[in-house]
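To start, the structure under review is shown below, and the notes come after it.
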Amino acid sequence: ATKTYRVRWDRLSLESDIASFKGALARGGEEGLVEALALYRGPFLPSADSEWARTEREDVAWSAVRLGLEVLEDWYAQGLYAKCLGLAGRLLEIEPYDEVLNEYVVNAAHAAGGRAAALHEIDRLARRFERDLGSVPPGLARLRHTS
């Protein structure tokens with residue numbers, strides 16, 4: 001019912017990597033995010049196709065992206081564009097097709113490196129979307145045509 005498992009043994013303590021990851025995210029803020037990203041080893045049970053595993057995989061990814069977006073907003077407002085680029089790139093490893101993250105990459109590249117840097121990122125991201133999904137999402141397409 002709790003979707004958790006525990007083994008008790010006299011002197012042995014077991015902890016799941018997903019619990020550590022979720023704990024770091026629950027702490028929140030930049031510190032919690034940095035800790036969670038250091039623990040991230042890829043999608044949760046990527047070969048499992050049960051409803052529970054898919055839901056857990058999606059929830060874990062969304063939790064990381066949600067916290068990441070909060071941190072990105074703060075950093076962007078502070079003008080920390082290079083840090084935004086690094087973080088957005090790391091979060092794209094978790095959710096490569098998240099449109100908001102992709103737009104953050106472009107906007108931070110523009111703020112940090114100008115129009116040429118933004119155009120380079122737009123081209124790189126658009127090629128990935130076209131290759132993997134067959135089309136570019138509307139927000140990225142709009143940036144592609146207005147930059």
Side-chain angles (χ1 to χ4, degrees), residues 1-114 117-129 132-133 136-144 146-147:
T2 63
K3 297 183 183 179
T4 62
Y5 297 90
R6 181 177 293 171
V7 175
R8 291 180 189 241
W9 190 350
D10 202 16
R11 283 172 258 146
L12 177 66
S13 174
L14 300 175
E15 185 176 314
S16 75
D17 55 352
I18 196 73
S20 299
F21 183 80
K22 287 179 172 182
L25 290 176
R27 283 188 281 290
E30 182 178 344
E31 297 79 20
L33 181 62
V34 168
E35 182 183 343
L37 292 176
L39 294 168
Y40 186 74
R41 300 289 181 260
F44 176 72
L45 298 176
S47 299
D49 62 354
S50 71
E51 182 66 29
W52 171 78
R54 277 191 304 275
T55 300
E56 191 72 9
R57 197 166 31 247
E58 291 168 3
D59 288 349
V60 165
W62 172 240
S63 295
V65 169
R66 187 185 70 238
L67 179 57
L69 288 171
E70 291 173 14
V71 172
L72 280 171
E73 277 189 40
D74 290 343
W75 287 356
Y76 198 87
Q78 295 172 41
L80 302 172
Y81 307 121
K83 285 181 79 168
C84 288
L85 272 172
L87 176 56
R90 184 70 173 103
L91 292 169
L92 284 175
E93 294 173 19
I94 298 171
E95 282 290 336
Y97 309 111
D98 186 281
E99 292 184 45
V100 175
L101 285 175
N102 280 276
E103 289 185 36
Y104 256 111
V105 168
V106 172
N107 291 330
H110 187 268
L119 289 172
H120 174 74
E121 290 297 337
I122 290 169
D123 186 52
R124 183 179 69 81
L125 297 169
R127 278 195 320 262
R128 185 184 65 221
F129 272 97
D132 297 350
L133 303 179
V136 177
L140 192 56
R142 185 180 66 257
L143 288 171
R144 190 183 214 182
T146 60
S147 295

Rounded to the nearest 0.5 Å, what's the gap from [atom1] on [X] to [atom2] on [Y]? Could you check?
{"X": "Ile18", "Y": "Arg57", "atom1": "CD1", "atom2": "CZ", "answer": "10.5 Å"}
{"X": "Leu119", "Y": "His110", "atom1": "CG", "atom2": "NE2", "answer": "8.0 Å"}
{"X": "Glu95", "Y": "Leu69", "atom1": "CD", "atom2": "CG", "answer": "10.5 Å"}
{"X": "Asp132", "Y": "Arg127", "atom1": "CG", "atom2": "CZ", "answer": "12.0 Å"}
{"X": "Leu33", "Y": "Arg66", "atom1": "CG", "atom2": "CZ", "answer": "11.5 Å"}
{"X": "Tyr104", "Y": "Leu85", "atom1": "OH", "atom2": "CG", "answer": "12.0 Å"}

Checklist entry - Side chains of Leu125 and Leu92: closer than 4.5 Å at any heavy-atom pair? => result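 Leu125 reaches Leu92 side chain to side chain.
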Exercise: identify the closest heavy-atom pair between [X] and [Y]:
{"X": "Leu91", "Y": "Leu37", "result": "CD2-CD2, 4.2 Å"}
{"X": "Gly139", "Y": "Glu103", "result": "CA-OE2, 3.3 Å"}
{"X": "Leu101", "Y": "Asp98", "result": "N-OD1, 2.9 Å"}
{"X": "Glu99", "Y": "Pro137", "result": "CD-CB, 3.2 Å"}
{"X": "Leu140", "Y": "Ala126", "result": "CD2-N, 3.8 Å"}
{"X": "Leu67", "Y": "Gly29", "result": "CD1-N, 3.5 Å"}

Donor-acceptor contact below 3.5 Å, side chain [X] vs main chain [Y]:
{"X": "Arg27", "Y": "Gly23", "value": "yes"}
{"X": "Arg144", "Y": "Val136", "value": "no"}
{"X": "Asn102", "Y": "Pro96", "value": "yes"}

Checklist outcome for this item: The single option from Glu51, Glu58, Glu56 that satisfies salt bridge (Lys or Arg N to Asp or Glu O under 4.0 Å) with Arg54 is Glu51
For residues 72-82, dump all side-chain donor-acceptor pairs below 3.5 Å to protein atoms at least two apart in sequence or in another chain.
{"residue": "Trp75", "atom": "NE1", "partner": "Glu30", "partner atom": "OE1", "Å": "3.4"}
{"residue": "Gln78", "atom": "NE2", "partner": "Asp74", "partner atom": "O", "Å": "3.4"}

Report all side-chain donor-acceptor pairs from residues 39-50 shorter than 3.5 Å, counting only partners two or more places apart or in another chain.
{"residue": "Arg41", "atom": "NH1", "partner": "Ala38", "partner atom": "O", "Å": "2.7"}
{"residue": "Ser50", "atom": "OG", "partner": "Ala53", "partner atom": "N", "Å": "3.1"}

